[in-house]
Amino acid sequence: MKNSSVSSEREIDSGNASQVHHIGNDNSSHGHKVGVPPRKNLVHDFSATFKEVFLHDDPLYEFKDQPKRKKFLLGIQFFFPIVGWAREYNFKKFQGDLIAGLTIASLCIPQDIGYAKLANVPPNYGLYTSFVPPLIYAAMGSSRDIAIGPVAVVSLLLGDSLKNEINPKKHPNEYLRLAFTATFFAGITEAALGLLRLGFIIDYLSHAAVVGFMAGAAITIGLQQLKGLLGVKTFTTKTDIVHVMDSVWSNVHHGWNWETVVIGLVFLAFLLTTKYIASKNKKLFWVAAIAPMISVVVSTLCVYLTRADKKGVNIVRHIDKGINPSSVHKIYWTGTYLAKGARIGIIAGMVGLTEAVAIGRTFATLKDYPIDGNKEMLALGVMNIVGSMTSCIVATGSFSRSAVNYMAGCNTAVSNIVMSMVVLLTVEVITPLFKYTPNAVIAAIIISAVAGLIDVKAAYQIWKVDKLDFLSLLGAFFGVVFKSVEIGLLIAVALSVAKILLQVTRPRIALLGNLSGTTIYRNVEQYPNASKVPGVLILRVDSAIYFSNANYIKERILRWLRDERDLIREKGLPDIEYLIIEMSPVTDIDTTGIHSLEELHKISIKREVQLVIANPGPLVTEKLRAAKFAELIGHEHIFLTVADAVAACAPRPQQDA
């Protein structure tokens with residue numbers, strides 16, 4: 001073990017090597033002692049903590065040593081990244097963006113109509129959501145690949161939550177007003193998290209919980225589409241699998257329409273086939289991208305020519321023509337629905353934020369360019385605030401459309417602008433042509449789109465790696481499928497937080513042994529050949545010591561001591577005289593943790609065992625010194641390494657690793 005190197009690092013970490021104080025034994029194997037960093041004043045300490053929590057990515061780095069004019073331009077670019085990359089934009093980049101934009105437009109138009117149905121709003125509001133929000137994001141977003149618009153999971157969450165407050169069929173105007181109110185507060189939530197740099201809050205949804213939640217939502221969405229796919233007219237308003245399947249089978253003899261079933265299954269098979277072809281050959285991604293639009297055009301033509309709508313095939317019928325009308329006056333600014341809209345909007349905004357940031361980071365990694373999570377949140381928030389005032393529902397990043405955007409060769413967010421212009425053309429000119437589009441095809445498009453949200457490979461990987469994570473996955477999955485999207489989301493968050501609390505309150509404590517011929521001490525479970533040191537018990541605490549786990553750590557150490565002494569007595573070996581606590585993983589300790597160490601020391605003394613501390617970090621060392629803990633156990637019982645502690649407590653020949 002390179003003690004001199006470790007000591008040097010400790011002194012560098014503490015600030016100024018020449019000012020470093022020392023505590024501990026002077027007679028260690030190489031003469032090194034535990035360094036104590038110089039004291040910091042309260043303001044400096046608070047400032048450093050604040051920067052680490054909220055400004056860890058140093059967002060103001062580019063502003064350093066710049067003239068005022070440059071700082072002003074950088075400030076504008078900070079909030080509107082388009083100002084930066086637009087200067088380097090050229091025709092070659094536009095060619096890629098044009099193709100990508102046209103491709104995702106062909107995918108988004110039929111999806112928007114379907115997702116509007118999920119949110120229980122007229123189809124034109126889904127199209128509106130792919131017009132205004134993408135333009136805002138193109139100016140403010142930092143991702144080059146993300147495609148903006150309504151998405152299945154958020155639309156389902158929105159529709160499920162809103163209809164619990166207002167019946168969309170009986171009170172459509174009030175329902176729309178609540179939808180715009182929820183969208184407004186979704187934007188406020190996202191923008192606030194971005195401005196206050198609180199993006200780490202969304203990290204409380206673990207990957208496993210998100211995988212389970214998305215899979216459950218995909219199945220729930222798919223089950224909801226059985227109404228359109230089978231032509232069922234009387235259908236439950238519940239989203240759980242029990243009520244949905246009951247509605248399906250109770251209508252099997254008289255409620256199903258065979259023409260609708262044929263149309264739905266034929267086009268679903270076509271869509272799934274094109275997705276399979278695209279997955280096998282990435283160059284044919286465009287086949288799956290244009291398949292939904294082909295399905296809409298062909299099915300609409302077939303229904304119009306055969307007048308299948310008169311034979312019971314449900315069609316879209318009327319879609320309002322024209323650009324987004326203002327909806328500022330429709331948002332609930334007062335009354336009971338204000339609070340209800342805020343609650344629904346906050347939840348929808350958080351889910352949308354989690355999905356969009358994950359998508360943005362994924363494609364940024366693939367193309368190797370930086371993405372600022374807090375800027376993304378601000379951009380998403382502003383676009384939803386503006387969207388709520390222009391008749392849009394909650395918009396976020398769509399994984400399926402973003403994947404197509406990426407594979408189509410997009411270079412910048414201009415692909416979103418192109419898509420937006422195509423949608424504008426659609427709502428101004430083409431919407432009357434969707435009148436005869438069968439609902440069964442819209443249902444088939446949604447089912448094929450959400451099928452990709454079920455990630456079996458990820459679930460299997462989680463099962464192999466971490467069983468506790470897999471339980472979180474199952475909890476979120478079953479919560480969505482058997483209860484509701486809101487309950488599933490609540491379970492996902494609760495399980496994610498519970499796992500954090502479990503790991504914090506019940507940290508691992510490892511028994512260490514010596515690797516033969518070295519001064520290295522490792523976990524005996526990982527290295528069964530590591531030998532225990534006679535008369536010495538060496539334990540490593542693998543966590544910071546806080547009020548939440550301090551008592552557990554103390555009791556667990558005492559249990560280790562009791563069990564090892566019982567084992568030693570059975571074998572007739574020398575009793576334990578020293579208890580060495582290896583503290584290199586202990587990044588911090590609070591007053592409760594120090595109090596527990598003091599209690600541990602007192603109990604150890606009563607049991608004729610000397611407590612010894614090895615390798616405490618700079619912050620821990622500083623706090624132990626401030627609490628006079630070093631004086632309590634004696635400076636001679638604090639060592640730089642476990643090897644130094646063992647050499648002092650149980651002298652024997654030591655050989656450097």
Side-chain angles (χ1 to χ4, degrees), residues 1-14 17 20 22-36 507-545 553 556-557 560-561 563-565 567-568 571-587 597 600 604 609-621 624 630 633-657:
M1 183 174 289
K2 299 179 181 178
N3 292 334
S4 59
S5 172
V6 174
S7 177
S8 176
E9 288 173 6
R10 286 216 182 277
E11 294 185 1
I12 291 171
D13 287 341
S14 65
V20 172
H22 298 91
I23 60 174
N25 195 305
D26 292 337
N27 300 318
S28 61
S29 59
H30 291 284
H32 295 297
K33 296 172 286 184
V34 176
V36 180
R508 294 182 182 276
I509 299 176
L511 176 64
L512 305 186
N514 177 248
L515 299 182
S516 180
T518 74
T519 55
I520 298 173
Y521 292 81
R522 292 291 183 266
N523 190 337
V524 295
E525 288 187 6
Q526 185 178 1
Y527 299 92
N529 293 329
S531 58
K532 299 176 184 177
V533 180
V536 179
L537 176 63
I538 309 169
L539 299 175
R540 186 185 67 219
V541 179
D542 290 338
S543 165
I545 305 176
I553 289 172
R556 188 69 185 90
I557 289 173
W560 267 114
L561 180 61
D563 293 346
E564 286 298 310
R565 291 185 109 175
L567 187 63
I568 284 170
K571 296 182 177 180
L573 297 174
D575 198 6
I576 293 173
E577 297 180 13
Y578 294 93
L579 171 61
I580 300 175
I581 308 297
E582 215 278 72
M583 298 187 70
S584 56
V586 181
T587 55
L597 287 182
L600 179 63
S604 298
V609 175
Q610 176 61 54
L611 178 64
V612 176
I613 302 297
N615 200 19
L619 189 59
V620 174
T621 302
L624 292 180
I633 68 168
H635 290 282
E636 68 277 9
H637 295 126
I638 299 178
F639 295 87
L640 181 63
T641 67
V642 174
D644 292 344
V646 171
C649 298
R652 62 187 178 88
Q654 296 285 326
Q655 181 181 344
D656 286 346

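The model shown is predicted, which means the values in this text are computed figures rather than measured ones. Just so it is clear, the values below take in all heavy atoms, side chains as well, and ignore hydrogens, waters and symmetry mates.
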Next item on the list: Could you walk me through whether Tyr521 and Ile580 pass side chain to side chain contact (heavy atoms under 4.5 Å, CB included), step by step?
Entry: CA-CA 12 Å; Tyr521 292 81; Ile580 300 175; over 6 Å; no

Next item on the list: For the pair Ile581 and Leu611, evaluate side chain to side chain contact (heavy atoms under 4.5 Å, CB included) and give the outcome as yes or no after the intermediate values.
Entry: CA-CA 8 Å; Ile581 308 297; Leu611 178 64; 3.6 Å; yes

Next item on the list: Please lay out, stage by stage, how Leu539 and Leu579 fare under the test side chain to side chain contact (heavy atoms under 4.5 Å, CB included).
Entry: CA-CA 8 Å; Leu539 299 175; Leu579 171 61; 4.0 Å; yes

Check: Hey, mind stepping through Val646 and Asn514 against side chain to side chain contact (heavy atoms under 4.5 Å, CB included) and telling me if it holds?
Finding: CA-CA 10 Å; Val646 171; Asn514 177 248; over 6 Å; no

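When side chains are defined from C-beta on, Ile509 counts as touching Ile553, because their heavy atoms get closer than 4.5 Å. Counting heavy atoms from C-beta outward, Asp563 and Leu567 have side chains that stay 4.5 Å or more apart. No side-chain heavy atom of Ile638 sits less than 4.5 Å from a side-chain heavy atom of Leu624.
Residues meeting the side-chain contact (heavy atoms from CB on, under 4.5 Å) test with Val524, sequence neighbours left out: Leu511, Ala530. Scored by the side chain to side chain donor-acceptor pair (under 3.5 Å) test, Asp575 finds Arg565 as partners (sequence neighbours excluded). Contacts of Ile568 classified as side-chain contact (heavy atoms from CB on, under 4.5 Å), with partners at least two apart in sequence or in another chain: Leu573, Ile576. Take Asp542 and apply the side chain to side chain donor-acceptor pair (under 3.5 Å) test, not counting sequence neighbours, and it matches Arg540. Arg508 is linked by a side chain to side chain donor-acceptor pair (under 3.5 Å) to nothing, counting only residues two or more places apart in sequence or in another chain.
Here Leu640 contributes atom CG and Ile613 contributes atom CD1; the two are 13.5 Å apart, rounded to the nearest 0.5 Å. Atoms CG and OH, from Leu515 and Tyr527 in turn, are 7.0 Å apart once rounded to the nearest 0.5 Å.
Judged by distance alone, with hydrogens and angles left aside, the side-chain atoms of Glu582 form a donor-acceptor pair with the main-chain N or O of Ser584 at under 3.5 Å.
When all heavy atoms of Val586 and Ser543 are compared, the pair lying nearest together is CG2-O, 3.3 Å. Nearest heavy atom pair, residue Pro616 against residue Phe639, reads CD-O, 3.9 Å.
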